[in-house]
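Heads up, the thing below is written out as structure tokens.
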Protein chains: 2
Amino acid sequence: MNMPIQSFTLSDIQALRVAELFGALGDPSRVKIIAALLQGPMNVQALAEAAGISESAASHQLRSLRQMRLVAPRKEGRLVYYSLDDQHVVELFQRALDHILHN
Amino acid sequence: MNMPIQSFTLSDIQALRVAELFGALGDPSRVKIIAALLQGPMNVQALAEAAGISESAASHQLRSLRQMRLVAPRKEGRLVYYSLDDQHVVELFQRALDHILHN
DNA sequence: TGAATATATGAGCAATCATTCATACATCAT
DNA sequence: ATGATGTATGAATGATTGCTCATATATTCA
């Protein structure tokens with residue numbers, strides 16, 4: 001499995017989508033949020049603390065990640081638990097983490 | 001091989017480095033440049049054309065990629081051929097491409 | 001030497017982005 | 001109902017970013 005990709009010239013939209021995907025992972029706060037979510041679902045407060053940002057800032061970032069379908073919310077009372085929602089991206093992220101930590 | 005990473009709270013510097021790596025791949029022009037380089041080394045002009053940007057803009061972007069050691073220059077006369085210089089990142093990129101193209 | 005070509009680089013600018021602040025909304029407790 | 005808590009959201013702001021333009025440097029050719 002896994003046809004090798006010997007790609008070529010990407011269309012504008014394809015390049016944009018790849019860039020958007022990587023861009024979503026291209027901010028330290030979002031990186032910390034995603035790293036925290038590797039442990040399991042967490043609510044906004046906990047994620048804000050894990051990322052070292054305000055709850056409002058966390059909510060904004062979670063919105064971006066939500067819109068890209070990288071995370072999914074689950075409401076429980078007045079808490080909202082977020083979890084990672086794209087296994088491919090999780091693997092991508094872990095590889096990058098691996099690469100950095102092994103630098 | 002491959003210790004599973006269950007990582008947690010990243011240090012500020014670790015998060016920053018992961019974010020910088022993804023950020024380097026988080027722009028459509030750079031995505032097109034890297035996609036073009038999957039075929040093999042190319043000079044600045046060719047990369048500019050492949051990315052649909054000016055040669056100056058390409059040179060600027062190549063500088064970023066160079067500073068992150070994602071590409072390496074090889075001078076040949078008055079041409080400078082760039083090639084991909086980080087196999088891990090190449091694999092990361094191809095996975096993302098695969099993911100997007102298979103959406 | 002002088003002109004042309006390929007690339008690099010700095011300044012300036014417009015656009016994007018991450019955060020803060022104020023506020024709104026929903027849920028729970030009293 | 002009232003107040004408190006958790007989250008969401010819009011506007012404003014400061015920082016970053018990708019590009020253009022002008023210019024510099026290096027190499028080749030005449």
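Nothing here was measured: the structure is a model prediction, and the numbers come from that model. Computed over heavy atoms, backbone and side chain alike; hydrogens, waters and symmetry mates excluded. Letters go in sequence order (proteins before strands), and every chain restarts at 1.
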(request) Nearest whole angstrom, please: distance from the P of D:dT7 to the CZ of A:Arg74. (result) 12 Å
(message) Regarding B:Ile53, tell me which of base, sugar-phosphate or nothing describes its non-hydrogen contacts under 4.0 Å with the strands shown.
(response) sugar-phosphate
(request) Would you tell me if any nitrogen or oxygen in the side chain of A:Gln61 comes within less than 4.0 Å of OP1 or OP2 on C:dT19? (result) yes
(request) Grab the CD-P distance between B:Glu76 and D:dT28 for me, whole Å please. (result) 10 Å
(message) Testing the basics here: between A:Leu38 and A:Phe93, what is the closest heavy-atom pair and its distance to 0.1 Å?
(response) CD1-CE2, 4.0 Å
(request) Can you see which heavy atom on B:Arg30 is nearest to which on B:Ala24, and at what distance? (result) NE-O, 2.7 Å
(message) Measuring only between side-chain heavy atoms, which start at C-beta, is A:Ile33 closer than 4.5 Å to A:Leu37?
(response) yes
N/O-N/O pairs, protein side and nucleotides 4-7 of chain C side, under 3.5 Å:
{"residue": "C:dT5", "atom": "O4'", "partner": "B:Arg78", "partner atom": "NH1", "Å": "3.3"}
{"residue": "C:dA6", "atom": "OP2", "partner": "B:Gln45", "partner atom": "OE1", "Å": "3.2"}
{"residue": "C:dA6", "atom": "O3'", "partner": "B:Arg78", "partner atom": "O", "Å": "3.2"}
{"residue": "C:dT7", "atom": "OP1", "partner": "B:Val44", "partner atom": "N", "Å": "3.3"}
{"residue": "C:dT7", "atom": "OP1", "partner": "B:Val80", "partner atom": "N", "Å": "3.2"}
{"residue": "C:dT7", "atom": "OP2", "partner": "B:Gln45", "partner atom": "N", "Å": "3.1"}

(message) Both A:Gly77 and A:Gly23 contact DNA chain C. Taking the nearest nucleotide for each, which residue is further toward the 5' end?
(response) A:Gly23
(request) Send over the distance from B:Leu65 CG to D:dG18 P, rounded to a whole Å. (result) 10 Å
(message) What is the distance, to the nearest angstrom, from the CE atom on A:Met42 to the C1' atom on D:dG6?
(response) 15 Å
(message) Under the salt bridge (Lys or Arg N to Asp or Glu O under 4.0 Å) definition, can you give me all pairs with a residue in residues 58-81 of chain A, not counting sequence neighbours?
(response) A:Arg74-A:Glu76
(request) State whether the side chain of B:Gln61 and the backbone N or O of B:Ala58 hold a donor-acceptor pair below 3.5 Å, judged by distance alone. (result) no
(request) Treat each ILVMFWY residue as a node, draw an edge where side-chain heavy atoms are under 4.5 Å apart, and state whether B:Val44 and B:Leu79 are in one component. (result) no
(request) Ignoring backbone atoms, establish whether B:Lys75 has a side-chain N or O less than 4.0 Å from OP1 or OP2 of D:dT27. (result) yes
(message) Rounded to whole Å, how long is the line connecting atom CZ of A:Phe22 with atom C1' of C:dT16?
(response) 20 Å
(request) Take atom CG of B:Asp12 and atom P of C:dA18, then tell me their distance rounded to the nearest Å. (result) 17 Å
(message) Taking side-chain contact (heavy atoms from CB on, under 4.5 Å) as the definition, give me every residue that meets it alongside B:Glu55, ordered by chain and number, with sequence neighbours left out.
(response) B:Gln45, B:Ala48
(message) Under the salt bridge (Lys or Arg N to Asp or Glu O under 4.0 Å) definition, can you give me all pairs with a residue in residues 15-27 of chain B, not counting sequence neighbours?
(response) none
Might you list the N or O atoms of the protein lying below 3.5 Å from N or O atoms in nucleotides 10-15 of chain C, with each pair's distance?
{"residue": "C:dG10", "atom": "OP2", "partner": "B:Arg63", "partner atom": "NH2", "Å": "3.4"}
{"residue": "C:dG10", "atom": "O6", "partner": "B:His60", "partner atom": "NE2", "Å": "2.8"}

(request) Please determine if a side-chain N or O atom of A:Ser54 lies less than 4.0 Å away from the OP1 or OP2 oxygen of C:dT19. (result) no
(message) Suppose clustering is done on Ile, Leu, Val, Met, Phe, Trp and Tyr with side-chain heavy atoms closer than 4.5 Å. Which residues sit in the same group as B:Ile13?
(response) none
